[in-house]
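Below: one structure, written as structure tokens.
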Amino acid sequence: MIADRIELWGGTECTVSRIGDVYSDQTIRSGHHDRLSDLARFAALGITALRTPILWERTLPGATGERDFGWADAQLGELRRLGIRPIVGLIHHGSGPAHVDLLSPDFAPGLAEHARAVAERFPWVDDWTPVNEPLTTARFACLYGHWYPHRTDEGSLWLALLNEIDATRLSMREIRRVNPAARLIQTDDLGTAFATPEMAAQAEFENHRRWLTWDLLAGCVTQDHPLWQRIARHGLADRLRAIADDPCPADVIGINHYICSDRFLTHEFARHPGIGPASDGGACINIEAVRTVDCGPTIGGLLREAAARYGTTIAITECHNGSSRDEQMRWFYQVWRAAEAAKGEGIDIEAVTAWSLLGAYDWNSLLTRTDGQYEAGAFDARSDPPRATAMTRLLPALVRGDAPPLAHIVTGGGWWQSDDRFFPDYRPRRDAAAALDGPPILITGGTGTLARALARACHWRGLAHVVTDRAALALDDPASIAGALDKHRPWAVINCAGIVSIDAAEEDPDLCRRINAISPETVALHCADRGIAFVQLSSDQVFGGDKGGPYVESDATRPLNAYGRAKAEAERLVAAVHPGALLVRTAAFFSPDDRYNFAVDAVDRLSGGQTVRAAADQIVSPTYVPDLVDALLDLLIDGESGIWHLANDGGASWADLARIVARAWGLDESRVVGVVTASLGLPAARPSDVRLASERGRILPTLDSAMLRFAHAAMPVAVPYATAAE
């Protein structure tokens, strides 16, 4: 009997990846390994089940010895107390302990032995996923060579896949000897391959291959299966017969579908310079279908296909979008609605799974590098304890059947539905771009670097926005402020207006105070009266520079110049009139889209063979503007308030920053000359060390990462900068 409502399940990214002899454990990296309190946070979302890893390589790292169930005992005990069903996983993109791998004859019996031990330890557990995504793991490890054992041939692909299928069958046999009611919830990634006519045969093969995990378990891969001959010719016919004779069909088809799961295969190499041939077939390029085919992701269609093919219960076992907060929410909302629509058609959809609740590391490189790139989930694990994002408001609303929070954002189209998503040669011709609907974000200071960057980010993220200049909203005129707010009716205001030059502020401190402190207070007051969220930009210049280490949000302010005094006063005034305001301290902008910044000027001068003189006795936290605006918008959507420090992780003097720029661009760093600030003749005093850190969460990438992306971005020709020390 089909349940009336779709359940919300949860999961944490738990891969133990092996690259060569180097292991990386996502459960440790997210902090979840040492934080049992996470489970109560998950329970508050309304989840009924949690995909829980009791992984072979974590429980029994070596070939011999006792299994360590300490972590699992605590996890499952707490889940029982909270009333949440565990869905126990035994291998998650891994290859087992060091003495085995996916191609080893010991892999399947070894995992089955582990499964028996886990089932005996937890005989009350009903739901199991012995091997997560067998086909995907086999492809990435044994066809593409990304993961251990790093093979790149089709024979290894099929051997690894059959070993995983046998491991699943044998594991479920052992589990059911302990608990006959145990269910197999079998997951795998599922997408659709599209192609140019020349690559139609390869696409047909891949569209058959995508079902293999479930087909094999169901005993469907017999001699009349489209892929029988292709697999059997690698000496695996007897293995196929043995699996078909003793099937272990999934009780629940677990579909993991991502925005880029659908692929497009093309023979036109010239249209895609820099992209090499795909490992699947070799004679084609394999790229994201969402950027080439005007059909959009196909989760609704996949649910119908799976239901028709297997006639059993279906769950979406991973739903995640490693993108901005608004896009994460839109993707989950659309997948949930697609599942509801399928259920309304009579398809047995059991659940949609919020994955990954604690985010994930290094999936931008498919786990092949450990460079620390992180994408948040429902919680942001870069804060301790993990910080709840706006997803934690969306998920319970969907469970209750309520309207989603920030509905004007959540119900809009995602980037995967925008014409901007297409590669240029694939972009369809439209009469006009659709206007963004709903209440906008109002951005003041429209001629400034940050306002322009925010507008660009809002455009790409599909966020309705209005940018104002002094003619549209005069900060020193309360009537102008009220008129602009009543006209545009924004849901949030980001105040980027004001005097930005530290030295200009020193020459007229009264004017600076009126524009940079009193005016923000007035705007914030009008916003508070109308229930409008408010963001005020502040600065590292509120500090005195004598702490001897990076400043965090709770450190006392002690500005040395008029600019810093006005910014510090603005923080106090805005917080008093708008307690929910978000106050963002940041510093030392650099951006490829702004011609007037220190980094661009350094590139321009060094490229021309000139010398760059810069302060060696001022240490700052350089901030890459694209990172800043994305983090700021995420915090705004998350409903954060109070003071946040947003700067790329890593400080540098201005002279060192010029050298970092030179190295990133391959320029002569010997032309950078470090000088003392006093020799530059600047009107305003500067603090000596105003590095910014955060006690609330380091949510911007490292300076090295930012500089690498800055160096690869298209940069306009620079113009002389006001001073190499600002």
Side-chain angles (χ1 to χ4, degrees), residues 371 448-450 452-453 500-506 539-541 543 545 549-550 560-561 563 586-628 647-693 700-726:
D371 55 12
T449 296
L450 196 55
R452 295 197 306 271
V500 298
S501 168
I502 295 173
D503 292 318
E506 201 68 21
S539 167
D540 61 349
Q541 296 298 302
F543 295 116
L560 303 182
N561 51 54
Y563 180 85
T586 186
F589 295 166
F590 66 100
S591 169
D593 301 310
D594 175 28
R595 303 170 70 200
Y596 299 92
N597 69 74
F598 175 81
V600 172
D601 183 64
V603 171
D604 184 55
R605 289 177 185 272
L606 294 172
S607 298
Q610 301 177 52
T611 296
V612 173
R613 297 175 71 248
D617 57 350
Q618 290 180 44
I619 304 176
V620 296
S621 289
T623 304
Y624 190 47
V625 172
D627 289 344
L628 169 65
N648 290 106
D649 192 7
S653 70
W654 289 105
D656 285 339
L657 178 58
R659 296 186 184 101
I660 293 170
V661 169
R663 289 194 293 271
W665 284 79
L667 301 171
D668 184 3
E669 64 181 283
S670 70
R671 292 187 176 276
V672 177
V673 178
V675 300
V676 297
T677 302
S679 69
L680 297 172
L682 303 173
R686 262 74 166 179
S688 60
D689 183 353
V690 282
R691 286 170 291 165
L692 296 178
L700 265 65
T702 64
L703 177 58
D704 289 343
S705 167
M707 191 57 65
L708 182 65
R709 286 175 284 120
F710 170 70
H712 281 85
M715 179 173 292
V717 177
V719 298
Y721 187 60
T723 169
E726 285 191 31

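Just so you know, these numbers come straight off a predicted model, no measurement behind them.
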Nearest-0.5 Å distance, [atom1] of residue [X] to [atom2] of residue [Y]:
X	Y	atom1	atom2	result
Asn561	Ser539	CG	OG	8.0 Å
Leu708	Leu703	CG	CG	11.0 Å
Asp656	Ile660	CG	CD1	6.0 Å
Thr449	Leu628	OG1	CG	11.0 Å

Are the side chains of [X] and [Y] in touch, meaning some heavy atoms are under 4.5 Å apart?
X	Y	answer
Trp665	Phe710	yes
Leu682	Glu506	no
Arg709	Pro626	no
Leu450	Phe589	yes
Trp654	Thr677	no
Phe590	Pro622	yes
Phe598	Leu657	yes
Val690	Val620	yes

Handout entry: Derivation and outcome, side chain to side chain contact (heavy atoms under 4.5 Å, CB included), residues Leu606 and Val612
Key = CA-CA 7 Å; Leu606 294 172; Val612 173; 3.9 Å; yes

Minimal non-hydrogen separation, [X] against [Y], with atom names:
X	Y	value
Ala664	Ala711	O-CB, 3.7 Å
Ala655	Gly674	CB-CA, 3.8 Å
Pro701	Ser705	CB-OG, 3.9 Å
Gly549	Arg691	CA-NH2, 3.6 Å
Val603	Ser607	O-OG, 2.6 Å

Practice task
Output, in order, the C-alpha distance, side-chain angles, deciding distance and verdict of side chain to side chain contact (heavy atoms under 4.5 Å, CB included) for Val625 and Asp593.
Solution key: CA-CA 9 Å; Val625 172; Asp593 301 310; over 6 Å; no

Practice task
May I ask you to say whether Asp503 pairs ionically with Arg686, meaning some side-chain N is under 4.0 Å from a carboxylate O?
Solution key: yes

Problem - Thr611 vs Arg605, side chain to side chain contact (heavy atoms under 4.5 Å, CB included): CA-CA, chis, key distance, verdict - result: CA-CA 7 Å; Thr611 296; Arg605 289 177 185 272; over 6 Å; no

Exercise for the section: Output yes when a side-chain donor or acceptor of Arg671 lies under 3.5 Å from a complementary backbone atom of Gly609, and no otherwise. Expected result: yes

Problem - Under 3.5 Å side-chain donor-acceptor pair for Ser670 and Asp668 - result: yes

Practice task
Would you check if there is a donor-acceptor pair between the side chains of Ser688 and Asp617 at a distance under 3.5 Å?
Solution key: no

Completion exercise
Of Thr623, Thr702, Asp627, the one forming a side chain to side chain donor-acceptor pair (under 3.5 Å) with Asn648 is Asp627

